[in-house]
Number of protein chains: 2
Amino acid sequence: MNNVQEESLRDQKKNRRRLQILEIARGIIATKGLRSLKVRDVAEAAGCSVGSVYNEFGDFDGVILTVNRETVQALTARLRGVPAEDPVRQLYGLAETYLEFFAEHANLLRSLFEHRMEDDRPYPDDILQMVMDAFALMHPPLVRLLPDADDVKIALLSRTLFSAVHGIISLGLEERMVAVPPQMLRQQIEQFVDAHLAGLGILPVGARKS
Amino acid sequence: MNNVQEESLRDQKKNRRRLQILEIARGIIATKGLRSLKVRDVAEAAGCSVGSVYNEFGDFDGVILTVNRETVQALTARLRGVPAEDPVRQLYGLAETYLEFFAEHANLLRSLFEHRMEDDRPYPDDILQMVMDAFALMHPPLVRLLPDADDVKIALLSRTLFSAVHGIISLGLEERMVAVPPQMLRQQIEQFVDAHLAGLGILPVGARKS
DNA sequence: ATTCTTCTTGAACATTGTTCATTTTCGAGC
DNA sequence: GCTCGAAAATGAACAATGTTCAAGAAGAAT
């Protein structure tokens with residue numbers, strides 16, 4: 001069969017509109033929060049009817065989930081860009097990059113972590129898996145730093161450590177909680193990772209100041 | 001003036017109904033999640049009209065916020081019950097008690113941390129303050145363990161550490177994320193606190209095993 | 001050009017938060 | 001006890017928003 005997608009005019013329009021809807025939805029979530037996302041607003045801004053949104057995404061959750069999927073993809077791409085030469089620096093870098101990304105896209109991240117499905121339908125597995133994979137990015141550097149440790153334990157440690165960083169950042173950036181003044185967050189994160197690595201018997205980065 | 005509240009029949013009914021509404025709303029949130037909470041369901045279960053719910057709480061957010069307020073109060077009460085003899089044990093106890101409480105009332109805690117107000121109205125200050133106070137409960141034991149440290153730094157450390165524990169627990173208990181197998185969470189938390197305290201130069205609890 | 005398939009539309013419907021004129025209930029003064 | 005005014009309760013109506021679907025439009029196939 002001929003897989004050289006000779007895209008039909010119909011498909012072109014469909015794809016263009018799909019991207020447009022997503023861009024608009026993402027913009028609304030990012031600027032005004034998930035709770036302000038309304039089907040009619042999206043449809044109007046995209047210049048189509050509400051029915052088309054449903055045609056394309058099944059239901060409104062479908063739009064949200066697609067945005068969330070792209071959010072975690074963007075996050076993963078950013079995290080993968082952290083240099084891996086030095087494992088300790090890599091861990092710092094992952095935490096700080098997560099902080100940067102979260103600060104830039106706070107509402108998108110909240111949509112990813114806080115959105116609940118209607119009824120009790122399960123969250124799509126692929127998104128869960130991608131989040132897990134992102135949180136597992138601390139695994140390789142930890143393996144290098146703790147070569148004698150059990151791999152399963154390191155996997156757990158990776159998720160625990162990343163979850164801890166996530167907690168510090170997500171609460172710290174929540175202006176309503178004012179848990180930590182934002183300008184201090186980066187420093188707090190650094191000290192936190194520092195102390196934790198020291199507790200694991202790993203040399204702090206201070207010993208190798210550039 | 002006579003403050004010996006001789007409660008009128010009217011006030012009795014009002015208070016009884018208020019408590020009833022809250023109990024029903026809390027039950028629905030706890031069992032089916034915040035998203036399943038509907039005015040009409042609450043009103044019907046409480047045997048009154050929807051108007052009465054509005055009379056008592058202003059709007060529906062008022063019901064949710066009142067439940068959230070009581071949740072953080074209950075949490076604080078539980079955390080205050082952690083023995084304070086030994087500061088290290090106290091820190092462990094706070095983390096484990098938070099885990100217990102979160103596991104028992106996961107949906108109520110999620111309502112507390114994830115609920116967004118309509119429009120952009122601010123979250124009530126008193127609730128924020130109570131959450132902050134709860135997260136500051138690690139302050140006293142940390143002061144005892146780090147007597148030479150700056151008090152402001154310890155305050156930040158307290159919130160950072162508690163936020164980290166919160167992150168580990170909230171993601172770990174999120175079945176949809178399956179970040180950490182629940183039965184291992186307690187152990188993970190223990191190891192986490194352990195490593196972090198060690199990193200701060202504090203003797204691990206192993207050195208003082210009972 | 002005709003037909004067939006598919007997509008689009010938007011009005012209608014369903015659900016749910018909110019309001020408010022009316023009715024009911026309670027308490028105070030007689 | 002009765003009456004009256006204040007306060008509360010009511011629930012129908014309204015508003016906002018997610019969802020469906022019959023009818024029409026647009027593109028593809030012949």
Side-chain angles (χ1 to χ4, degrees), chain A residues 1-2 4-22 24-25 28-29 32-68 111 115-121, chain B residues 1-2 4-22 24-25 28-29 32-68 111 115-121:
Chain A
M1 54 185 79
N2 179 9
V4 181
Q5 301 299 356
E6 176 179 344
E7 201 174 46
S8 66
L9 197 156
R10 180 173 270 164
D11 287 346
Q12 284 178 35
K13 286 176 64 176
K14 190 181 167 90
N15 286 338
R16 185 165 33 223
R17 164 149 355 167
R18 181 185 173 88
L19 293 181
Q20 198 178 9
I21 290 173
L22 286 176
I24 288 162
I28 293 175
I29 295 176
K32 301 195 296 182
L34 179 57
R35 196 164 169 181
S36 298
L37 188 69
K38 307 291 149 85
V39 213
R40 284 170 179 76
D41 292 347
V42 172
E44 189 182 9
C48 69
S49 67
V50 293
S52 294
V53 177
Y54 277 80
N55 256 13
E56 190 60 37
F57 294 95
D59 59 8
F60 204 47
D61 270 354
V63 181
I64 298 167
L65 290 175
T66 305
V67 171
N68 287 351
S111 170
H115 176 58
R116 307 282 155 185
M117 307 281 289
E118 192 64 55
D119 305 316
D120 288 335
R121 277 182 301 178
Chain B
M1 53 183 77
N2 180 9
V4 180
Q5 302 299 355
E6 175 181 343
E7 202 173 47
S8 65
L9 197 157
R10 179 172 270 164
D11 288 346
Q12 283 179 36
K13 284 177 66 175
K14 189 181 167 96
N15 285 339
R16 184 165 34 220
R17 165 131 64 201
R18 181 185 174 88
L19 293 181
Q20 198 179 9
I21 290 173
L22 286 176
I24 289 161
I28 293 175
I29 296 176
K32 301 195 298 184
L34 180 57
R35 198 166 168 179
S36 298
L37 187 67
K38 307 291 151 82
V39 214
R40 285 170 177 75
D41 292 347
V42 173
E44 189 182 8
C48 69
S49 67
V50 292
S52 294
V53 177
Y54 277 79
N55 261 7
E56 189 61 35
F57 294 95
D59 59 9
F60 204 46
D61 269 354
V63 181
I64 298 167
L65 291 176
T66 305
V67 170
N68 287 352
S111 170
H115 176 58
R116 307 282 156 187
M117 305 282 288
E118 192 64 55
D119 305 314
D120 288 335
R121 276 182 301 177

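Every chain is numbered from 1, with letters handed out A, B, ... down the list of sequences.
- A distance of 9.0 Å separates NZ of A/K38 from CZ of A/F60, quoted to the nearest 0.5 Å.
- Whole-Å rounding puts the A/R116 CZ to D/dG18 P distance at 19 Å.
- B/E118 has its CD atom 11 Å from the P atom of C/dG17, to the nearest Å.
- Taking atom OH of A/Y54 as the reference point, atom C1' of C/dC13 lies 12 Å away to the nearest angstrom.
- With rounding to whole Å, A/I28 atom CD1 is found 14 Å from D/dT17 atom C1'.
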Which atom pairs, one a donor and one an acceptor, fall under 3.5 Å between side chains of residues 39-53 of chain B and the rest of the protein, sequence neighbours left out?
{"unit_1": "B/S49", "atom_1": "OG", "unit_2": "B/S52", "atom_2": "N", "d": "3.4"}
{"unit_1": "B/S49", "atom_1": "OG", "unit_2": "B/S52", "atom_2": "OG", "d": "3.4"}

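- Applying salt bridge (Lys or Arg N to Asp or Glu O under 4.0 Å) to A/E56 and the options A/R16, A/K14, A/R17 leaves one that passes, A/K14.
- Taking atom CG of B/D59 as the reference point, atom C1' of C/dC20 lies 16 Å away to the nearest angstrom.
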Protein-nucleotides 4-8 of chain C N/O pairs under 3.5 Å:
{"unit_1": "C/dT6", "atom_1": "O2", "unit_2": "A/R10", "atom_2": "NH2", "d": "3.2"}

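- Atom CD of B/Q20 and atom C1' of D/dA9 are 14 Å apart (whole Å).
- One can place CD of A/E44 at 13 Å from C1' of C/dG10, the figure rounded to the nearest angstrom.
- Checked for salt-bridge contact, A/D61 and A/R116 miss the test: no charged N lies under 4.0 Å from a carboxylate O.
- Between the CG atom of B/L22 and the CZ atom of B/F57 there is a distance of 4.0 Å, given to the nearest 0.5 Å.
- As rounded to whole Å, 11 Å separates atom C1' of D/dG18 from atom NZ of B/K38.
- In this structure, OG on B/S111 lies 6.5 Å from CD1 on B/I64, to the nearest 0.5 angstrom.
- Summary of the strand contacts: A/V50 and B/R40 both lie near DNA chain C, and taking for each the nucleotide with the nearest heavy atom, the more 5' one is attributed to A/V50.
- Residue contacts for A/F60: at a heavy-atom cut-off of 4.0 Å it reaches the sugar-phosphate backbone alone, with no base atom in range.
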